Amino acid sequence: MAGFLTYLTGSTISFLSLVGLYMLLTGTGETFNVGRLLQDTSPFAWSLTGMGLCIGLSVAGAAWGIFITGSALLGGAVKTPRIQSRNLISIIFCEVVAIYGVIMAIVYSAKLNDVPPENIFTTSNYFTGYAIFWGGLTVGVCNLLCGLSVGITGSSAALADAQNPELFVKVLVVEIFGSVLGLFGLIVGLLTTGKAADFH
């Protein structure tokens, strides 16, 4: 895996260096303009991208956590079948992460209104589009990492419970603290768009 990442990083840097040298030597360097990209892209595109990242990363985090927890739970249940029902709470914690992303996308979608094309590029609409983009990205990344942490902790809880039933509650407390990370992301996502007006 490390060799693949090294190859991928080297290839990316080489490609970007070649493109940069081409633009420099042909006199077209000014076409790489981040400010123009930010101004010419519709605020609706930024907001919809943020909403998509919010749902997509949240669901990916939930799926990843369920995969990690579920595989450990099924593996441990082969020798100790009693852990099946009690450790389903770890799967529920992972699924809540996806629900956070869906809730935030619904909250963000309430700010979308039909705007005539000549009124789309206003200061207020730019602010709303960027706020929803960064809020959605924040919620999505927090939920992705939350799902991963809950999955790893849930896996440990299942295996610890299979070994010693008294350890379940202790590891579950750690899992609850990991699950709160997704809630923190949801709160930050709400604060990010709190001052953003609806598109008008």
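Worth saying up front: this structure is predicted, and the values here are computed from it rather than measured.
Closest of all the heavy-atom pairs between C54 and M104 is SG-CB, 3.7 Å. Shortest non-hydrogen contact noted between N125 and N119 is ND2-O, 3.1 Å. In terms of heavy atoms, G129 sits closest to W46 at O-CB, 3.6 Å. Scanning both residues, S90 and T69, for their nearest heavy atoms gives CB-CG2, 3.5 Å. When all heavy atoms are compared, the tightest approach of P165 to R86 is O-NH2, 3.5 Å.
Between S124 and T122, the side chains place no donor N or O within less than 3.5 Å of an acceptor N or O (distance only, hydrogens not considered).
Counting heavy atoms from C-beta outward, N143 and L57 have side chains that stay 4.5 Å or more apart. Residues S47 and L112 are in side-chain contact: their nearest non-hydrogen atoms beyond the backbone lie under 4.5 Å apart. For the pair I120 and S42, the minimum side-chain heavy-atom distance is below 4.5 Å. Residues C142 and L181 fail the side-chain proximity criterion, which asks for heavy atoms closer than 4.5 Å.
Under a hydrophobic-cluster definition in which Ile, Leu, Val, Met, Phe, Trp and Tyr are linked whenever side-chain heavy atoms come within less than 4.5 Å, directly or via other members, V141 and L53 are assigned to the same cluster. One hydrophobic cluster holds both L137 and Y126 under the rule that ILVMFWY side chains link at heavy-atom gaps under 4.5 Å. Criterion: ILVMFWY side-chain heavy atoms under 4.5 Å apart, direct or through other members. Under it, V150 and V169 are part of a common hydrophobic cluster. Residues L172 and L183 do not share a hydrophobic cluster, defined by chaining ILVMFWY side chains whose heavy atoms lie under 4.5 Å apart.
Relative ring orientation between F44 and F199 is described as parallel, the plane-to-plane angle staying below 30° on a 0-90° scale split at 30° and 60°.
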query: Does the pair Y130 and L38 meet the rule for a side chain to side chain contact (heavy atoms under 4.5 Å, CB included), with working shown?
result: CA-CA 9 Å; Y130 295 146; L38 293 174; 3.5 Å; yes

task: Determine, step by step, whether D161 and T80 satisfy the side chain to side chain contact (heavy atoms under 4.5 Å, CB included) criterion, reporting the C-alpha distance in whole Å, the side-chain angles of both residues, the deciding distance to 0.1 Å, and the verdict.
output: CA-CA 9 Å; D161 186 25; T80 317; over 6 Å; no

message: Using side chain to side chain contact (heavy atoms under 4.5 Å, CB included), reason through L190 and V139 one step at a time and then give a plain yes or no.
response: CA-CA 9 Å; L190 286 173; V139 172; over 6 Å; no

- request: In sequence, state the C-alpha distance, the side-chain angles, and the governing distance for L159 and I83, and then conclude on side chain to side chain contact (heavy atoms under 4.5 Å, CB included).
  value: CA-CA 9 Å; L159 297 177; I83 70 169; over 6 Å; no

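Heavy atoms from other residues, nucleotides or ligands lying under 6.0 Å from CD of E118 number more than 12. Other residues, nucleotides and ligands place no more than 12 heavy atoms under 6.0 Å from the CH2 atom of W64.
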